[in-house]
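FYI, side chains are in, hydrogens and waters are out, and symmetry mates aren't considered; it's all heavy atoms of this structure.
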Amino acid sequence: LDAGGRRYCRSWSLESGDYHRNEGSWTLEPDPQRPQRTLVRYIVHAEPTIRVPGKLQQIAQKKAIPALIQQLRRLV
């Protein structure tokens, strides 16, 4: 949380596993223009040790990430 207790941030970095690199963060904070809403920033950088076909990358970008955000909305 920031000094005013209005921002929450959680970050990670893979220590070992099947990726060359896997790190990212979630940041949640109030929307200054719509106080009843929360802005969410999800940043991830993942480099698997195996080649991932472009089609699978597209599926992750177009379906998996929006589904993750929808689930977050349901929980909150």
Nearest 0.5 Å please: distance from the OG atom of Ser25 over to the CZ atom of Arg41. 8.0 Å
So NZ of Lys62 and CD of Gln57: to nearest 0.5 Å the spacing works out to 12.0 Å
Using a cut-off of 6.0 Å, state whether more than 12 heavy atoms not belonging to Gln33 lie near its atom CD. no
For Ser13, give me all partners under side-chain contact (heavy atoms from CB on, under 4.5 Å), at least two apart in sequence or on another chain. Glu23
Quick one: ring pair (Phe, Tyr, Trp, His ring centres under 6.0 Å) pairs with a partner in residues 37-76, sequence neighbours left out? Trp26-Tyr42
Using every non-hydrogen atom in the two residues, find where Pro32 and Leu39 come nearest and quote the distance to one decimal. CD-CD1, 4.1 Å
Should we count CG of Leu75 as having more than 12 external heavy atoms under 6.0 Å? yes
Mark yes or no for whether Thr38, through its side chain, and Leu28, through its backbone, hold a donor-acceptor pair below 3.5 Å. no
CD/Glu29 to CZ/Arg7 distance, rounded to the nearest 0.5 angstrom? 4.5 Å
Verify the cluster assignment for Tyr8 and Leu68: are they in a single hydrophobic cluster under the rule of side-chain heavy atoms below 4.5 Å apart? yes
How close do Tyr19 and Ala46 get, heavy atom to heavy atom, and via which atoms? CE2-CB, 3.9 Å
Going by ring pair (Phe, Tyr, Trp, His ring centres under 6.0 Å), name the pairs with one or both residues in residues 48-76, residues two or more places apart or in two chains. none
Do Val44 and Asn22 have side chains that get closer than 4.5 Å, going by heavy atoms? yes
When you look at CD of Gln36, are more than 12 heavy atoms from neighbouring residues, nucleotides or ligands closer to it than 6.0 Å? yes
Kindly give the cluster partners of Leu56, where membership spreads through any ILVMFWY side chain lying under 4.5 Å from a current member. Val52, Ile59
Is there a side-chain contact between Val40 and Thr27 in this structure, where contact means two heavy atoms from C-beta onward sitting under 4.5 Å apart? no
List for me each residue that meets salt bridge (Lys or Arg N to Asp or Glu O under 4.0 Å) alongside Arg34, sequence neighbours excluded, and say none if there are none. Asp31
List the residues meeting side chain to side chain donor-acceptor pair (under 3.5 Å) with Arg73, not counting sequence neighbours, and say none if there are none. Gln70
